[in-house]
2 protein chains.
Amino acid sequence: MDQTDRRILALLQQDASRSVADIAAEVGLSQTPCWRRIQKLHATGVIDRTVAILNPESIGLGLTVFIEVEAADHSPEWLQSFTAKVSAMPEVLEIHRMAGDIDYLLRVAVRDMAHFDDFYRTLIDTVALKNVTSRFAMERVKATTAYPLER
Amino acid sequence: MDQTDRRILALLQQDASRSVADIAAEVGLSQTPCWRRIQKLHATGVIDRTVAILNPESIGLGLTVFIEVEAADHSPEWLQSFTAKVSAMPEVLEIHRMAGDIDYLLRVAVRDMAHFDDFYRTLIDTVALKNVTSRFAMERVKATTAYPLER
DNA sequence: CTTGAAAAGAGCGGCCA
DNA sequence: TGGCCGCTCTTTTCAAG
């Protein structure tokens, strides 16, 4: 993956709806080689998928909550049950297994506090947890899915 | 926005590279009305953009760090300077202004610990901070950009 | 809202340098 | 590798039920 690939990726991370010809022109290639590079980036898993990013407010999911979780115990059974059950909850957009005093960090999208309360009850009902801290986001100052690729 | 729009959005959040005809078939519409709905969802800002999602490991940015920040003070000047300067750092993918004891939560993508150390020094050099806690993600158990739309 | 169709545009592949 | 040139498929618009 060379510098040209990186430039292509940078553009596609910003806007994947642009035509190959368009992107090709911007990176100084003609269509075919540019198209071939993009195919290869897909095939090798560098590009995982292309998706529509929605405005959460417009679909009534304006409340983002980060939940810090400490495991009830650290047995393989608990871990597996936790990840399986929590992964299946649609409000949970992300689950990170963490280093340090917190075992898992969840990122959750809900409608409002009532919805969160609902979710929270379900969560603590579904899996045994030692300690849970919820942090509420008031404002999304920056939110991008684009990794930095300069170099 | 009705149920059909929601179904279209659910599909586009999963895979925005599918053809309109394909999506139309799945939601039980013909091409033209389906296409018009998608245009409208763009125009009204429900669909913000469509982007390529990369595999962070494959581009050498496999280390995700969440940084909890307490502001040095809460003056408008500090807040503005903080958001402007930190937004401009490419490693910072997300900035959330939080409720509670933490003022800001950052989500940062870096190559490795050395890169993080670099980033961290730059961060605390760039803006005055009262307290900073870094939490390191060991494993991405779940990561989706798709908001739940069932209903 | 549907179908059908047609023009414009983009994706895709072969072939040559 | 990259570039040129078609063939094919989609997207996009339009007319009409």
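Sequence lines set the chain letters: A, B, ... in the order given, protein chains first and strands last, and positions in each chain run from 1.
Taking the side chain of A:Gln31 as heavy atoms from C-beta on, and the options D:dG3, C:dC12, D:dT1, the nearest nucleotide is C:dC12. Nearest to the side chain of A:Thr32, among D:dC4, D:dT1, C:dG11, sits D:dC4. Closest approach to the B:Leu29 side chain among D:dG2, C:dG4, C:dC1 is made by C:dC1 (side chain taken as heavy atoms from C-beta onward). With C:dG13, C:dC15, C:dT2 as the choices, the nucleotide that has an atom nearest any side-chain atom of B:Arg36 turns out to be C:dT2.
Residue A:Asp5 contributes atom CG, which lies 13 Å from atom C1' of D:dG2 at whole-angstrom precision. Counting to the nearest Å, the P atom of D:dG2 and the CG atom of A:Asp2 are 7 Å from each other.
A close approach under 4.0 Å does occur between a side-chain nitrogen or oxygen of B:Ser30 and OP1 or OP2 of C:dT3. Taking side-chain N and O atoms only, B:Trp35 has no distance below 4.0 Å to OP1 or OP2 of D:dT11. For C:dC1, one of the phosphate oxygens OP1 or OP2 lies less than 4.0 angstrom from a side-chain nitrogen or oxygen of B:Arg37. Proximity of B:Gln39 to the phosphate of D:dT12: a side-chain N or O atom is located under 4.0 Å from OP1 or OP2.
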Q: Under the side-chain contact (heavy atoms from CB on, under 4.5 Å) rule, what do B:Cys34 and B:Ile8 come out as? Steps first, then yes or no, please.
A: CA-CA 8 Å; B:Cys34 183; B:Ile8 293 171; 4.1 Å; yes
Q: Check the pair B:Val65, B:Tyr120 against side-chain contact (heavy atoms from CB on, under 4.5 Å), reporting the backbone distance first and the verdict last.
A: CA-CA 11 Å; B:Val65 189; B:Tyr120 184 80; over 6 Å; no
Q: Please report the C-alpha distance between A:Tyr104 and A:Thr83 in whole Å, then the side-chain angles of each, then the deciding distance to 0.1 Å, and finally whether the side-chain contact (heavy atoms from CB on, under 4.5 Å) criterion is met.
A: CA-CA 10 Å; A:Tyr104 289 92; A:Thr83 58; 3.9 Å; yes
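On a pure distance criterion of 3.5 Å, no polar donor-acceptor pair joins the side chain of A:Ser19 and the base of C:dG9.
Criterion: ILVMFWY side-chain heavy atoms under 4.5 Å apart, direct or through other members. Under it, B:Ile102 and A:Leu106 are not part of a common hydrophobic cluster.
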